[in-house]
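Only this structure's heavy atoms are used, side chains among them; waters, hydrogens and symmetry mates stay out. Remember, it's 1-based here, ligands and their atoms both numbered in the order they're listed.
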Amino acid sequence: IPTESLPLSDPVKSFYAESGILQLYPPQSKAISAGLLDGKNILISIPTASGKTLLAELAMLKSLEDHGKCLYVVPLRALASEKFRRFSEFRDLGFRTGISTGDLDERDENLGDHDIIVATSEKVDSLIRNGTHWLNQISVVVLDEVHLLDSPGRGPTLEIVITKLRKLNPKMQIVALSATIHNSKEVADWLKAECVVSDWRPTKLYEGVYFDGVFEGEVVHTKEKTMKEIELVGKGKDAGVSLAADTIRDGGQCLVFTNSRKNAAGFAKKAGPVIQSYLTVSEQAELLDLASAVTDRSDTDAAKVLASCIRTGVAFHHAGLSSDQRELVEKSFLAGKIKLIASTPTLAAGLNLPARRVIIAAWRRYDANDGMQPIPVMEYKQMAGRAGRPHLDPFGESVLIASKEEDVERLTEFYIEAEPESVESKLGAENALRTHVLSTVSNGFASTRAQLLDFFKDTFFAYQKGLLSTIALKTVIDKCLDFLIQADMCREDSGDSGNTSGNSNGNSNGNAAANGVDEGPASPFVTADKFNSLKEADDYPLFATKKGILVSKLYLDPLSASVILEDIQKAESAGMNLTDISLLHLICKTTDMPQLYMKTNDYIPVTEFAAENAEHIISMPPTKNAAEFEWFLGELKTAILLYRWISEAPENEISKEFDVGEGDIRQFSETAGWIAGAASRLLKMSGLSSAGLFSDLELRLQYGASIQLLPLLKIRGIGRVRARRLYNAGFKSKESFEPADFETAARLIGPKIARQLFNEIGIDVGGYVVSDSKNSNSDFGG
Ligand code: ADP
């Protein structure tokens, strides 16, 4: 279908024509025929790079022309930024795009002024919980990467968000974008959507397995050369490096997927010297600048290694990098400056970084529960699908490297010829459901047990598992409710005055049956009487308490909230002196906080730390229970990392001590800071005096510094290292600076930043010139 003939306004059509999109790809045409532009729900399950985003854009623009409002839901923050940048181009068409990925306890009312809003699924969930008014004005919702319904971490939230959005906007159009999955029809049926499936790709993809000079699969030709003829290069004639070198020599780029961060960096290091030999002088000069940009911003050992790789035209990419570093690597690769990225599988999901050749250097990955495990077919397809940049590469190639001859055939069958797996709901577990049961009641989507069950009957879990799921769901929902009622986050009005004492917030309508549920031992025979009383119990008014409503809005797991309240109540009534370690350990004990694993060398120092700080730890587990104690040590190890961060330990020291990257330090401190902030509000509502301690801690976690530096840290451009230098020299806040201090400040933090600082605080330093002093103008970790 020519874009010219689409039922869209002329400006929209010329917008695409000008960017060279004149004809729709075949699967895109299929989606149009299926009713994409007639407001029909559509699920599009097609390979990477075959134009899913364009379809979402067309559906959104069509709706915007009819004065609609669109919500684009993504799984990851990085993806949200990528889509936000793209949709911001619609400004010329008169449509405004907003992005919401930030704090999970905010309402973001102003976002509603935008025409398209891009947000992560967690953020949408939180916006719903906080009663954001514009969420019931959505005309089109796009669900990007909807196959992540399968993910134990993200799937349940996505499922609940979809279910709630559909209830809020019964007429809304759903556009679901999915990688190729086995049961796309099933997901589409749940969404009441037309299903568009295709394996068409804009560039031909050759897939194969390589072992010892032999290539199995569709024959790959690079200028008529078979894989057998690829010249083996590098130390020990490494197959992966040789395959990469071959593509780069021919002017392509390479993505290499490894199974760990260490292996990603290791591959980049060994490929670097080979790749460097194919670079031109001007390419090398550009890379030098990129490398200095990395070391200017960070002095960690990892940053140095990354910079030295970048100098040779290669890079590695994983979640341990800081977001600055990841962005620099992605952009420089897209611009063709970096020729090869060695990555963990994180890069395969979502981000648009195609390359001519994809090398899958490892098809097994370590799993904490099951040891080395083969990667899922769906993941293989996503990695392989990154091969071939549309319009730039003549074809794409994906090569799986086998380590044994007998694996060649197996891998061909297991991955290349295999169908991707089915997506399966992960909503059934109590840990996943607890928070959603609370928010569903708290937001008024259900006000009896029966309605709660009805709500969950509309989820993908119930759709997929059929009738059986109703029984399973009821059991889990009842368990969650028992917990929530016991923690005083929900209440059920059984009409029995004993159960309704306390300050109910008025939801009770008093029409519940007078008799409570029989609490005697469960009988295998359900009598008619008993059946009726159970049925009645399902209709008792159910509502969230003030505490429950706050926990839901704060986005805390109710279990985390109850642990925080219990421990602080206990500590306060015992008159305990709460230190940073007490609070940090409590934060690390909650289910919302990710944890560091214990490694062999950690046991002695962490156990010693526990012994030395025993009096500061609110609930010390008994050492007798080995599993519980091990878990506790992991929590404590994480708390020590955070303690070092707020005590201003240099990031490089923390990195080395805990074997983590800058990206991890940021992630840990951000999450802990969010929990501290939520804890503070929760404690304040409960009238507990430790609330203030947590709000100070929130800021310190955010900045990685002690509280005395906060006035300086609030000045733009001043990070923890520069703030410390200024503070130690007697500058404690904005007000401490006089015009005559410029020279001192320039010496401490570098003339460029000093000038920016004086500008910021409104002191004119005019043409004041200072000699540039070395080593003073970087603020690592700031
Ligand atoms: P996906 O979301 O399926 O991974 P994208 O929508 O990002 O794929 O599309 C990949 C690239 O193809 C983008 O650069 C996009 O502009 C381009 N593209 C999409 N549809 C067309 C088309 N019909 N004609 C030309 N280029 C297209």
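Of all the atoms in ligand 1, the ones that sit under 4.0 Å from a non-hydrogen atom of Leu54 are 6 (O), 20 (N). Each of the atoms 22 (C), 23 (N), 24 (N) of ligand 1 lies under 4.0 Å from some heavy atom of Gln23.
Of the protein's non-hydrogen atoms, the one nearest atom 13 (C) of ligand 1 is Asn352 ND2, 5.0 Å. For atom 7 (O) of ligand 1, the closest non-hydrogen atom of the protein is Thr53 OG1, 3.6 Å. In this structure, atom 17 (C) of ligand 1 lies nearest to the protein heavy atom Tyr25 OH, 4.2 Å. The single protein non-hydrogen atom nearest to atom 15 (C) of ligand 1 is Ile21 CD1, 4.6 Å, given as residue, atom name and distance. Atom 11 (C) of ligand 1 has its closest protein heavy atom at Pro390 CG, 4.5 Å.
Less than 4.0 angstrom separates atom 4 (O) of ligand 1 from at least one non-hydrogen atom of the protein. Counting protein heavy atoms under 4.0 angstrom from atom 25 (C) of ligand 1 gives one or more.
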Discussion item. Please determine whether ring-ring contact (aromatic ring centres under 6.0 Å, His included) holds for the pair Phe316 and Phe267, giving the CA-CA distance in whole Å, both sets of side-chain angles, and the decisive distance to 0.1 Å.
Written reply: CA-CA 8 Å; Phe316 50 92; Phe267 191 97; over 10 Å; no
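Geometrically, Lys204 engages Tyr206 in a cation-pi contact, judged by NZ or CZ lying under 6.0 Å from the ring centre and within 45° of the ring axis.
Here the shortest heavy-atom pairing between Ala239 and Ile401 reads C-CD1, 4.4 Å. Considering every non-hydrogen atom in both Leu158 and Leu148, the closest pair reads CD2-C, 4.4 Å.
Between Leu24 and ligand 1, not a single N/O pair is under 3.5 Å apart.
Using bins of under 30°, 30° to 60° and over 60° for the plane-to-plane angle, the ring pair Trp190/Phe460 lands in the tilted bin.
The existence of a salt bridge linking Lys167 and Asp458 is confirmed by a sub-4.0 Å separation between a basic side-chain nitrogen and an acidic carboxylate oxygen. Salt bridge status for Lys337 with Asp289: absent, with no side-chain N to carboxylate O gap under 4.0 Å.
Contacts between Gln28 and ligand 1, counted as non-hydrogen atom pairs separated by less than 4.0 Å, involve the side chain only.
A donor and an acceptor atom, one from each side chain of Glu186 and Gln464, are located under 3.5 Å apart.
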